[in-house]
Amino acid sequence: MPVYQVSIRAQLENVTNLHAPGDDFQYCIKTKCNSCNEVSDKWQFVSADEHSDIPGSRGNANMVCKCKLCNRVNSLDVLTAKKQAYNADDVPNFKVIVAFECRGMSVVDFQFGQDGWACEGQESHTPFTDLSLGDEDWCDYDEDASCPVGITELEYKVH
């Protein structure tokens, strides 16, 4: 079964450990049916803690969906063992932060639009939680380290 990975890169100012906390984090993706090549027109949310039964099977998956065009049932699992944080040492390179195992579909797009990202101050280890990275750069002030913090130039690629 193919595995699709999401890699990110960003400029981190005085922060490190950018990650999607917990198994309940909702990743925002678009998928394509491998049978008819229909791409989902809406963003889909998937998390590692949700499970649905796969019709006609004894198994389950984190996301099960039926293609609107060809009616094929496809499924996807979040590979929690592949989850990683993006750290200050990773700048300016791309790093895999999550992977999805797909059956009958492909992950074709990713979006940071979901709130809930987290990071910490590089020197102070002050936690910054529930970050929204979708619309613009994020910036704040780390009172413990007496310095500005931020995440800019956020990019991703699906491969």
Side-chain angles (χ1 to χ4, degrees), residues 1-13 15-119 128-139 150-159:
M1 286 170 265
V3 173
Y4 294 88
Q5 301 179 86
V6 175
S7 297
I8 66 167
R9 81 171 160 193
Q11 293 299 316
L12 304 179
E13 180 182 7
V15 293
T16 191
N17 195 27
L18 173 61
H19 65 287
D23 286 346
D24 61 342
F25 185 85
Q26 296 278 322
Y27 294 98
C28 186
I29 60 173
K30 281 194 176 184
T31 59
K32 176 181 83 169
C33 176
N34 291 344
S35 290
C36 67
N37 293 322
E38 175 75 8
V39 176
S40 58
D41 55 347
K42 296 182 180 174
W43 289 100
Q44 300 163 307
F45 294 92
V46 61
S47 69
D49 73 335
E50 296 176 2
H51 298 279
S52 299
D53 291 333
I54 301 172
S57 169
R58 289 184 286 172
N60 61 37
N62 297 130
M63 183 171 88
V64 177
C65 57
K66 190 174 188 178
C67 178
K68 292 188 317 185
L69 197 60
C70 71
N71 291 324
R72 179 184 166 130
V73 176
N74 302 315
S75 61
L76 174 148
D77 278 311
V78 178
L79 298 177
T80 54
K82 298 270 188 179
K83 280 181 67 169
Q84 297 185 69
Y86 190 80
N87 298 305
D89 295 340
D90 299 321
V91 174
N93 302 315
F94 276 97
K95 180 180 181 182
V96 174
I97 59 158
V98 69
F100 304 99
E101 183 178 55
C102 300
R103 292 174 247 7
M105 66 169 60
S106 306
V107 176
V108 295
D109 206 355
F110 174 81
Q111 190 177 52
F112 288 102
Q114 178 65 27
D115 293 348
W117 294 89
C119 66
F128 296 94
T129 59
D130 204 25
L131 308 180
S132 178
L133 301 177
D135 297 332
E136 55 193 50
D137 298 339
W138 171 81
C139 60
I151 301 170
T152 59
E153 300 177 32
L154 202 52
E155 297 177 62
Y156 72 90
K157 62 182 178 181
V158 179
H159 52 98

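At least one side-chain heavy atom of Val15 sits less than 4.5 Å from a side-chain heavy atom of Cys119. Within the 4.5 Å cutoff, side-chain heavy atoms of Cys33 are placed close to those of Cys70. Residues Val98 and Val78 meet the side-chain proximity criterion, which asks for heavy atoms closer than 4.5 Å. Inter-residue side-chain proximity for Tyr86 and Leu12 is flagged as met; some heavy-atom pair is nearer than 4.5 Å. Counting only heavy atoms from C-beta outward, the side chains of Ser47 and Asn62 never approach each other to under 4.5 Å. Looking only at side-chain heavy atoms (C-beta outward), Lys42 and Ser40 stay at 4.5 Å or farther from each other. With a 4.5 Å cut-off on side-chain heavy atoms, Met105 and Leu76 count as touching. Residues Cys102 and Val107 have side chains in contact (heavy-atom distance under 4.5 Å, counting atoms from C-beta outward).
When all heavy atoms are compared, the tightest approach of Ser35 to Arg72 is OG-CD, 3.0 Å. Heavy atoms only, all atoms of each residue included: Asp90 and Ala85 are closest at OD2-O, 3.8 Å. In terms of heavy-atom proximity, Leu18 sits nearest to Leu154 at CD2-CD1, 4.4 Å. When all heavy atoms are compared, the tightest approach of Phe112 to Glu155 is CZ-O, 4.0 Å. When every heavy atom of Lys32 is checked against every heavy atom of Val108, the shortest pair comes out as CB-CG1, 3.7 Å. Here the closest heavy-atom approach between residue Gln26 and residue Phe45 is recorded as OE1-CB, 3.1 Å.
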TODO: Test side chain to side chain contact (heavy atoms under 4.5 Å, CB included) on Ser7 and His159 and set out the steps.
DONE: CA-CA 8 Å; Ser7 297; His159 52 98; 2.6 Å; yes

- [ ] Go through Gln11 and Val91 one step at a time and tell me if the side chain to side chain contact (heavy atoms under 4.5 Å, CB included) criterion holds.
- [x] CA-CA 6 Å; Gln11 293 299 316; Val91 174; 3.7 Å; yes

Open item on the list: Let's go through Thr31 and Gln44 carefully: what are the C-alpha distance in whole Å and the side-chain angles of both, what is the deciding distance for side chain to side chain donor-acceptor pair (under 3.5 Å) to 0.1 Å, and is it a yes or a no?
Closed with: CA-CA 8 Å; Thr31 59; Gln44 300 163 307; 2.8 Å; yes

Task: Step-by-step side chain to side chain contact (heavy atoms under 4.5 Å, CB included) determination, Trp43 to Gln111 - done: CA-CA 8 Å; Trp43 289 100; Gln111 190 177 52; 3.6 Å; yes

Open item on the list: Walk me through whether Phe128 and Trp138 qualify under ring pair (Phe, Tyr, Trp, His ring centres under 6.0 Å).
Closed with: CA-CA 11 Å; Phe128 296 94; Trp138 171 81; 5.5 Å; yes

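Between Phe100 and Tyr27, the angle of the ring planes goes over 60°, which puts this pair in the perpendicular group of the 30/60° scheme.
In terms of modelled atom types and a separation under 3.5 Å, the side chain of Lys83 and the main chain of Gly22 share a donor-acceptor contact. Using modelled atom types, no side-chain atom of Asp23 and backbone atom of Asp49 make a donor-acceptor pair closer than 3.5 Å. Without hydrogens or angle criteria, Lys66 side chain to Asn74 main chain gives no donor-acceptor distance under 3.5 Å. Side-chain atoms of Thr129 never come within 3.5 Å of backbone atoms of Ala118 as a donor-acceptor pair (strictly under, hydrogens ignored).
Counted by atom type alone, Ser106 and Tyr4 present one or more donor-acceptor pairs between their side chains at under 3.5 Å.
Here the rule is side-chain contact (heavy atoms from CB on, under 4.5 Å) with Leu133, and of Asp115, Ile8, Ile151 only Ile151 fits it. Residue Ser75 is tested with Glu101, Met1, Arg103 for a side-chain contact (heavy atoms from CB on, under 4.5 Å); the sole match is Arg103.
Taken to the nearest 0.5 Å, the CZ atom of Arg9 stands 14.0 Å off from the CD1 atom of Ile97. Distance check, rounded to the nearest 0.5 Å: CE of Met63 to SG of Cys65 gives 4.5 Å.
The existence of a salt bridge linking Lys30 and Asp41 is excluded, since no basic side-chain nitrogen approaches an acidic carboxylate oxygen closer than 4.0 Å.
In this structure, Asp89 has no salt bridge (Lys or Arg N to Asp or Glu O under 4.0 Å) partners at least two apart in sequence or on a different chain.
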